[in-house]
Amino acid sequence: MPEMTMLQAINDALHVAMAKDDGVVMLGEDIGKKGGVFGATQGLHDKYGEMRVMDTPLSECGIIGSAVGMALYGLKPVPEIQFLDFIYPAFDQIVSEAAKMRYRSGGQWTCPMVIRSPSGGGIRGGHYHSQSSEAYFAHTPGLRVVMPSTARDAKGMLLSAIFCGDPVVFLEPKHLYRLAKGDVPAGWYVEDLDKARVAHEGTDVTVVSWGAMMHTCEEVLKEAHEKGISVELVDLRTLLPWDAETVLASVRKTGRLVTVQEAPRTCGFGSEVAATVAEKAIDSLRAPIARVAGFDTPFPYTLEHVYKPDRKRVLGAIEYVCRWE
Amino acid sequence: MPEMTMLQAINDALHVAMAKDDGVVMLGEDIGKKGGVFGATQGLHDKYGEMRVMDTPLSECGIIGSAVGMALYGLKPVPEIQFLDFIYPAFDQIVSEAAKMRYRSGGQWTCPMVIRSPSGGGIRGGHYHSQSSEAYFAHTPGLRVVMPSTARDAKGMLLSAIFCGDPVVFLEPKHLYRLAKGDVPAGWYVEDLDKARVAHEGTDVTVVSWGAMMHTCEEVLKEAHEKGISVELVDLRTLLPWDAETVLASVRKTGRLVTVQEAPRTCGFGSEVAATVAEKAIDSLRAPIARVAGFDTPFPYTLEHVYKPDRKRVLGAIEYVCRWE
Amino acid sequence: MAEAAELLQVIDVDGKTRGKAPALKPDDLKAMFRAMLATRLFDQRGMNLQRQGRIGFFVPSMGQEASQIGAGYAMGEQDWLFPSYRTHSLAILKGVAWKRLYDQLWGNATDEVKGRQMPNHFSFRDIRWVSISSPIGTQISQAAGAARGMQVRGEKGCVWAWFGDGGTSSNDFHAGLNFAGVWKSPVVFMCENNHWAISVPTEKQTASQTFADKAVAYGMRGVRVDGNDVLAVYEAAREARERAVRGEGPTLIETVTFRMGPHSSSDDPKRYQAQSLFEAWQKKDPIERFRAWLKVKKLWSQEWEDQLSKGIQDELAKAVEAAEATPAPTLDTLFDDVYATLPAQLAEQKAGLMEQIRRSGEIENAGGAFPL
Amino acid sequence: MAEAAELLQVIDVDGKTRGKAPALKPDDLKAMFRAMLATRLFDQRGMNLQRQGRIGFFVPSMGQEASQIGAGYAMGEQDWLFPSYRTHSLAILKGVAWKRLYDQLWGNATDEVKGRQMPNHFSFRDIRWVSISSPIGTQISQAAGAARGMQVRGEKGCVWAWFGDGGTSSNDFHAGLNFAGVWKSPVVFMCENNHWAISVPTEKQTASQTFADKAVAYGMRGVRVDGNDVLAVYEAAREARERAVRGEGPTLIETVTFRMGPHSSSDDPKRYQAQSLFEAWQKKDPIERFRAWLKVKKLWSQEWEDQLSKGIQDELAKAVEAAEATPAPTLDTLFDDVYATLPAQLAEQKAGLMEQIRRSGEIENAGGAFPL
Ligand SMILES: Cc1ncc(C[n+]2csc(CCOP(=O)(O)OP(=O)(O)O)c2C)c(N)n1
Ligand SMILES: Cc1ncc(C[n+]2csc(CCOP(=O)(O)OP(=O)(O)O)c2C)c(N)n1
Ligand SMILES: [Mg+2]
Ligand SMILES: [Mg+2]
């Protein structure tokens, strides 16, 4: 199996999808000749031309609105939003149109499309190139929200997303584009969109995370182990619909829960995970639930490293719940 | 003290604000001659003219974008979004601009403005005239999110909001526009934007709600009482920043928590309340936390009464947590 | 820079022909008249049904029949339609069964959108009529995308997007026309200028001299036509479609017409509209104008119209009765069509609801009235 | 309908005067040249500082000096400015101290935006320079609102909004120009057509014949001017401002210029731009053109420019040194300026962070490089 970075895996998935189905088209800003500002769409414009890989005017509203129209027409558009921070001009088309099309039309019309967008910090992009707004979409019935943390999942889940028939917000943790490396099956390869992944088994505490923060959590495993704490690390992978069962099973085993997200704390997805556990596994809880999260401020520039949860903050939360009597 | 409906109280607050400060201006669709589709701006256009009460083109993006510009210039704009379901074309101006202006400019520039919008169901408006999307805004640092449930709070909090110096999303539970009646102080009158309100004291279970659902919860009090359950009912009133202390104090007393929201369940504000309690008052909890919420579907038309939590659903949750051993 | 687009006309206010009339057969002309008449009758009945509290809401199109039927008649068999909530005349023209329309107004068990949306938010996949939504303008950029889809697939045809004067201020108008212009997509943008966006008059909507002029900003053709002149609208729409199909790009058509009714069953124009303005436009009633023209052409007689009306009224009465007698959708349908398949969370919520009903009985319906 | 707006020029490519030159005193002309030169030097140094890894990112404006300084010179004392990330020349023209600019590029403790934003996102309240944000176009509708504010307050003045060719496709361009048109607000919309939106050329941005033509859609004046001709831009901007202040409404000015550098320090135009196109525009370098014209007018000498450059370079070097020596903002500033007052949740989060640092020491800085 070839080793790939997450960026290569995504690019590979896009090549596979376009070769498999000529209804797969891409549109966005700078995805053509330039191949995307991160390079995710390299080679596609040369290979498939302007009719299937479209550099669009600077309008996220138009990118998603026309993608919805293409999906209605029968294509499988894969629009790119250059940075998740710039998705808001298209918010109406996503939450009012794509998400509700199937329901409001009684199943007559559907919107199979995948909105790809780099999410989160890690490139010193200040607060307009670093946001993690997955919770907005996770609160929007009708959307699927996917956020891989490994190169393998990035490919498998992107291919699943393109062919699943639902509108998907596919969040790419830009911090991991080159950092996340691993063996990725060549050719056609799909991953389940309804299952979380137990990244590491453990017995003392369940740590639930997704996206770039998975990387930080993995770094903490060793340190925790040295402190005699056995961590079970769950990578949610999908936030809507999400796999509560895997989390609940783990908490029933460990009796402790720490959620780790990069997004602002209040009303983030970690709150949903915590609430669900407090609802369905309260009797198993042997300590308070701890949420590690970005602060409830906009994303800074110079102090990015302070804003984002780091190993110390995660480890601190783990120790806190494990020390609890 | 005059008795008013919530709608009259809001209209009264707007009259008081415009009389007090000639920097207060209003803009929106049909707020002028027509006086608003619900009548909230009645009389203002006749009294203050087109320069201060502006019927705008059909663009929420322009309404909020220009309101941000007016706020930067030194006015106190109070834009109206005709229905909360139609706020999304302006989402970028709200989350990227109004919410972040103070922070990103190091405090040089601020956006004192109040975005008024009718929220929630109750008028058989189908899924584009009924949404409760407060959670999107509650996950946006820099915004204040206010949602009154009484005529008195509607007036007092709207006036506080207009003069608080921060951008505020002021959600008006349209279901209560005429239903919520009560004594409202005449003239200048403000309410705290940082405190929840204990609407009813009790000892067995804490029920936390906001907006129109408060009405449903109040109806349930009596039935619960007859079943021998003493409910403490907390009206959050503000969702960001929100008054966690009042909720925690109540749960520490009752040992049980039920959150009640009209919005879809997943990642709604009830999840934040539940997570905070699971984090800070776990030892006081004598039962699982129960969240009552709208279903994770778009808002329906014919089956609205089934979608929205009703007395039975709320009472069911209260009994569930109280029966828990 | 641009001098305002001139106004195209074929029938003048008193039914005489000005300029060249399109080459339409008598049967076509009569079919157009029938559709206009049927629409008027459907609107009158819709308003009454709402007043009687039998349906919750209704949006009439009175005064805009020519603007819609004229263009509708120019549509091709394989064309796609992105309609607005005020264009049900197009479904009537295409022969959609009355029962299907009334089922949606009632949101009953046989409603094709399963009672999910307010009245007038139709969806008819079989005629490529895309589901209508309430947010103004969203269908415009979608239409541009569907038209791009035709180009990608190399298929012949045309996409029609319908919206009002207010809709031109939306984000999607700007994005949709700009994308379509760059892509030279086969789409016709039908802007019905009925002079009102609820209570907001056109001079508060834009300072542009005409709505057709906005085409300049997108490098596309802009046409301004008398929207109460069904033949002029037909001609403009036919030409726009031909150009689109020939690959000559999109057209923006402004039909200058008037909303003769309230914005909807919840609106009262007296609050903001001068009676004189209404009366001036009443004189230009598109049906009366077309009737006068047909009369000159000896294609109309009172008996014929009376028969027509009676036939339509009988059909409407039957369909209303049937739709009203149809029960509401069952509760379990609430959870369908959110995703291609029912996810675990929703299955659980569905089971919870069913269990609650089993335990504590049916859920009562509080009602509520729509203000807009 | 509209024939494309013609291109205004005063200085031709080899420095000769065509048409009428504006009535500007020698000192004004020299001040304009100085600002253009200073901007060029600031840009070159900015790119170098980024290459050397001393600042994280930089956006140069090379090639657009005339387009910006020409209009900037037409601004009134009390005017308001809604700039873009590529218009720092306007701050230079207004005499903002170099240290203030570099503090922002470093995001250090004396940075007026407190290290919250990437380089080039300046905010200078003292000159009514509104905080720049990254999302393209958002300042356009805000500028319309601020101009409306002037009308509400009955104050004299003008608001200037700056954006690029790509910005014309944004939601806010449509909303902002439409609102300003309806309100007849005192605002000048400066669209710098530098032919690129990162890698997207103007023909993929819009099918409109010119960007100035888009003014038609909003019933406002549209002017197209040679953006590498500082005097032509000055003249167009001055007239637009006078009209605005006289209450004659907004103007959209398209300055036709070229982005001679990369989009930013992270971009490489070779991937998408033909070398020949770059060379063609190099010949039209706005500074060379103005220099040639000043020379003809006997207002320029090599010695003068050499002195000028040296003086500027010395100032820049000093300012860089001072900014670089300034420490980063302290951690506790992270929680300031979210609200007028610090709410309980944030106070708690702040205390938590301070406690953690007390317990387990400073937080390490991982870094990361910007791709765009
Ligand atoms: C985005 C959005 N904002 C506001 C509304 C409320 N609204 C419904 S119809 C309407 C006026 C539309 O006017 P126009 O586009 O001219 O169409 P018409 O009703 O005249 O056919 C408004 C403001 C909406 N549906 N969507
Ligand atoms: C809403 C939004 N989408 C995408 C981007 C990414 N982006 C930054 S600059 C830019 C191109 C802007 O081009 P133009 O408006 O012509 O200004 P220029 O850079 O040429 O000065 C893009 C696409 C953004 N900043 N904001
Ligand atoms: Mg209209
Ligand atoms: Mg540009």
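Worth saying up front: this structure is predicted, and the values here are computed from it rather than measured. Chain letters run A, B, ... following the sequence lines, proteins first, then strands; residues in each count from 1.
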Handout entry: Closest non-hydrogen atom pair, A138(B) against T266(A)
Key = O-CG2, 3.6 Å
Practice task
Counting only heavy atoms closer than 4.5 Å, note whether I87(A) contacts chain B via side chain, backbone, both or neither.
Solution key: neither
Fill in the blank from the handout: Among Y301(A), F295(A), W324(A), the residue with the most heavy-atom pairs under 4.5 Å to chain B is W324(A)
Completion exercise
Per-residue tally against chain A (heavy atom, under 4.5 Å) across A263(B), G142(B), G268(B) peaks at G268(B)
Exercise for the section: Return the option, out of D85(A), L240(A), D296(A), with the maximum number of heavy-atom pairs under 4.5 Å with chain B. Expected result: D296(A)
Problem - Close side-chain approach of K100(B) and P298(A), heavy atoms under 4.5 Å - result: yes
Exercise for the section: Establish, yes or no, whether a centroid distance under 6.0 Å links the rings of Y136(A) and F91(B). Expected result: yes
Exercise for the section: Let me know if L285(A) has heavy atoms under 4.5 Å from chain B in its side chain, its backbone, both or neither. Expected result: side chain
Exercise for the section: Would you mind checking which part of T259(A) comes under 4.5 Å of any heavy atom in chain B, side chain (CB onward), backbone (N, CA, C, O), both or neither? Expected result: neither
Problem - Y128(A) portion near chain B, given a 4.5 angstrom heavy-atom threshold - result: side chain
Exercise for the section: Flag the pair E272(B) / R291(A) as yes when at least one side-chain heavy-atom distance between them is below 4.5 Å, and no otherwise. Expected result: yes
Completion exercise
CH2 of W242(B) to SG of C267(A), rounded to nearest 0.5 Å, is 9.5 Å
Completion exercise
dist Y88(A):OH -> E97(B):CD (nearest 0.5 Å) comes out at 12.0 Å
Exercise for the section: Mind ranking A274(B), G270(B), A275(B) by heavy-atom pairs under 4.5 Å with chain A and telling me who comes out on top? Expected result: A275(B)
Handout entry: Atom pair CD1/CZ of I282(A) and R286(B) - distance to nearest 0.5 Å
Key = 12.5 Å
Practice task
Mind ranking I94(A), T140(A), V273(A) by heavy-atom pairs under 4.5 Å with chain B and telling me who comes out on top?
Solution key: T140(A)
Exercise for the section: Let me know if A287(A) has heavy atoms under 4.5 Å from chain B in its side chain, its backbone, both or neither. Expected result: backbone
Fill in the blank from the handout: Applying a strict 4.5 Å limit to non-hydrogen atoms, the region of Q131(A) in contact with chain B is side chain
Exercise for the section: For residues Y103(A) and P300(B), determine if any side-chain heavy atom of one lies less than 4.5 Å from a side-chain heavy atom of the other. Expected result: yes
Practice task
Please name the pair of heavy atoms, one in P264(B) and one in H139(A), separated by the smallest distance, quoted to 0.1 Å.
Solution key: O-CE1, 3.1 Å
Problem - Contact leader toward chain A among Q93(B), E60(B), R104(B), where contacts are heavy-atom pairs under 4.5 Å - result: R104(B)
